[in-house]
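Step one of this worksheet: look at the structure below.
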Amino acid sequence: MNTDILKNSASNNREIDTDSLKIYGNCLEFKDTVIQLSNVSLVANNPIAPPQFPIWAAVAFIVGLLFLFVDTDIDIIHIVGLFLFFGGGFVACAWYLRSERDKTLKRLVIATNSGQTFFILFNQSEFLNKVIDTLKEIIAHPGHHSDIIINIKDNTIGPGGSVIDTVNEINSIGGRH
């Protein structure tokens, strides 16, 4: 699949961390965003690129280790060495934990005709494939207006409540309490 559109500037890209997606009619809603599905130009399953190892953390770790074993009467060198040693070690450890987490994550890429690109994180690639199949069916058959809730947290796809009924209910009773 041609994913050159994913090389847009960072200002047009949004990574979304959400527990659910709601589809009603021609709209896909998550958090504070609604996308008109007829304006979607690309839906893809894209692995997350692992973060680049911070070389400066390794350098700080090694320099800190060297400073700790310098034979001098100046205590500030040992203190700086201690900070560099633990700081570099902490950053390297944080990088490792993030790269291990990112190995298990997959992301749904939604690019619109206007150039906006949205990345939605998923824990299971099998469920992401089901979500892509669902979106493909909805985009391919725009006349079938169904309400669907995609629960990313629990990996389920189910029928959603009617949005119009919910709006009418709110308006008829004066809002939710």
Side-chain angles (χ1 to χ4, degrees), residues 1-54 91 93-177:
M1 177 176 276
N2 184 0
T3 57
D4 289 340
I5 197 167
L6 302 179
K7 297 177 182 173
N8 290 344
S9 67
S11 64
N12 287 337
N13 297 338
R14 288 182 55 191
E15 188 168 288
I16 309 296
D17 184 17
T18 183
D19 288 341
S20 66
L21 303 172
K22 297 173 189 161
I23 300 172
Y24 49 94
N26 191 29
C27 296
L28 171 64
E29 177 185 349
F30 47 87
K31 294 219 177 208
D32 61 346
T33 304
V34 177
I35 298 173
Q36 186 176 358
L37 289 173
S38 58
N39 285 334
V40 171
S41 60
L42 172 77
V43 175
N45 178 351
N46 197 9
I48 296 176
Q52 187 175 8
F53 181 77
V91 170
C93 183
W95 169 84
Y96 174 76
L97 293 174
R98 179 170 180 202
S99 65
E100 288 300 308
R101 179 190 71 103
D102 287 355
K103 285 180 187 177
T104 64
L105 294 177
K106 300 291 182 200
R107 66 182 173 185
L108 172 66
V109 179
I110 300 173
T112 64
N113 293 332
S114 65
Q116 284 284 96
T117 306
F118 301 91
F119 300 100
I120 302 171
L121 299 177
F122 284 77
N123 288 321
Q124 292 186 359
S125 60
E126 298 86 22
F127 181 65
L128 175 55
N129 292 334
K130 288 180 185 178
V131 170
I132 289 175
D133 289 342
T134 301
L135 289 172
K136 180 171 51 174
E137 285 297 316
I138 291 170
I139 292 171
H141 305 290
H144 295 234
H145 293 277
S146 56
D147 298 338
I148 298 172
I149 294 180
I150 300 171
N151 188 330
I152 297 170
K153 185 177 179 183
D154 297 331
N155 295 324
T156 59
I157 299 174
S162 175
V163 174
I164 293 174
D165 290 343
T166 304
V167 170
N168 287 338
E169 177 185 324
I170 291 170
N171 289 336
S172 67
I173 60 173
R176 288 198 176 145
H177 300 288

Side-chain (Ser41) to main-chain (Ala111) donor-acceptor, under 3.5 angstrom: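 Yes, Ser41 side chain to Ala111 backbone: donor-acceptor pair under 3.5 Å.
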Please confirm whether the backbone N or O of Pro54 pairs with a side-chain atom of Trp95, one donor and one acceptor, at under 3.5 Å? no
Gap separating the [atom1] atom of [X] from the [atom2] atom of [Y], nearest 0.5 angstrom:
{"X": "Ser38", "Y": "Ile138", "atom1": "OG", "atom2": "CD1", "answer": "12.5 Å"}
{"X": "Asn151", "Y": "Ser20", "atom1": "CG", "atom2": "OG", "answer": "6.0 Å"}
{"X": "Leu108", "Y": "Phe127", "atom1": "CG", "atom2": "CZ", "answer": "10.5 Å"}
{"X": "Leu28", "Y": "Leu135", "atom1": "CG", "atom2": "CG", "answer": "6.5 Å"}
{"X": "Lys106", "Y": "Asn129", "atom1": "NZ", "atom2": "CG", "answer": "9.5 Å"}
{"X": "Thr112", "Y": "Ile35", "atom1": "OG1", "atom2": "CD1", "answer": "7.0 Å"}

Residues which pass side chain to side chain donor-acceptor pair (under 3.5 Å) with Asn155, listed by chain and number, not counting sequence neighbours: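 For Asn155, the residues satisfying side chain to side chain donor-acceptor pair (under 3.5 Å) (neighbours in sequence not counted) are Gln124.
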Holding to side-chain contact (heavy atoms from CB on, under 4.5 Å), I want the full list of residues that pass it with Glu100, two or more places apart in sequence or in another chain.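 Once residues adjacent in sequence are excluded, the partners of Glu100 under the side-chain contact (heavy atoms from CB on, under 4.5 Å) criterion are Tyr96, Lys103.
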Report yes if the side chains of Glu29 and Thr33 come closer than 4.5 Å at any heavy-atom pair, otherwise no.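 Of all side-chain heavy-atom pairs linking Thr33 with Glu29, none is under 4.5 Å.
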Please determine if Lys130 and Asp133 form a salt bridge, counting it only when a charged side-chain N lies under 4.0 Å from a carboxylate O.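 Asp133 and Lys130: not salt-bridged.
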Using every non-hydrogen atom in the two residues, find where [X] and [Y] come nearest and quote the distance to one decimal.
{"X": "Phe122", "Y": "Ile120", "answer": "CD1-O, 3.3 Å"}
{"X": "Val34", "Y": "Tyr24", "answer": "CG2-OH, 4.2 Å"}
{"X": "Ile132", "Y": "Ala44", "answer": "CD1-C, 3.9 Å"}

Applying salt bridge (Lys or Arg N to Asp or Glu O under 4.0 Å), name anything that partners Asp19, two or more places apart in sequence or on another chain.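 Asp19: no salt bridge (Lys or Arg N to Asp or Glu O under 4.0 Å) contacts found.
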Report the C-alpha separation of Ile110 and Thr117 in whole Å, then their side-chain angles, then the decisive distance to 0.1 Å, and conclude whether the side chain to side chain contact (heavy atoms under 4.5 Å, CB included) test is met. CA-CA 6 Å; Ile110 300 173; Thr117 306; over 6 Å; no
With no hydrogens and no angle check, just 3.5 Å: does a side-chain donor-acceptor pair link Gln36 and Asn39?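 Yes.
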Consider side-chain contact (heavy atoms from CB on, under 4.5 Å). Of Ile149, Ile148, Ile157, which one does Ile23 pass it with?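 Result for side-chain contact (heavy atoms from CB on, under 4.5 Å) with Ile23: Ile148.
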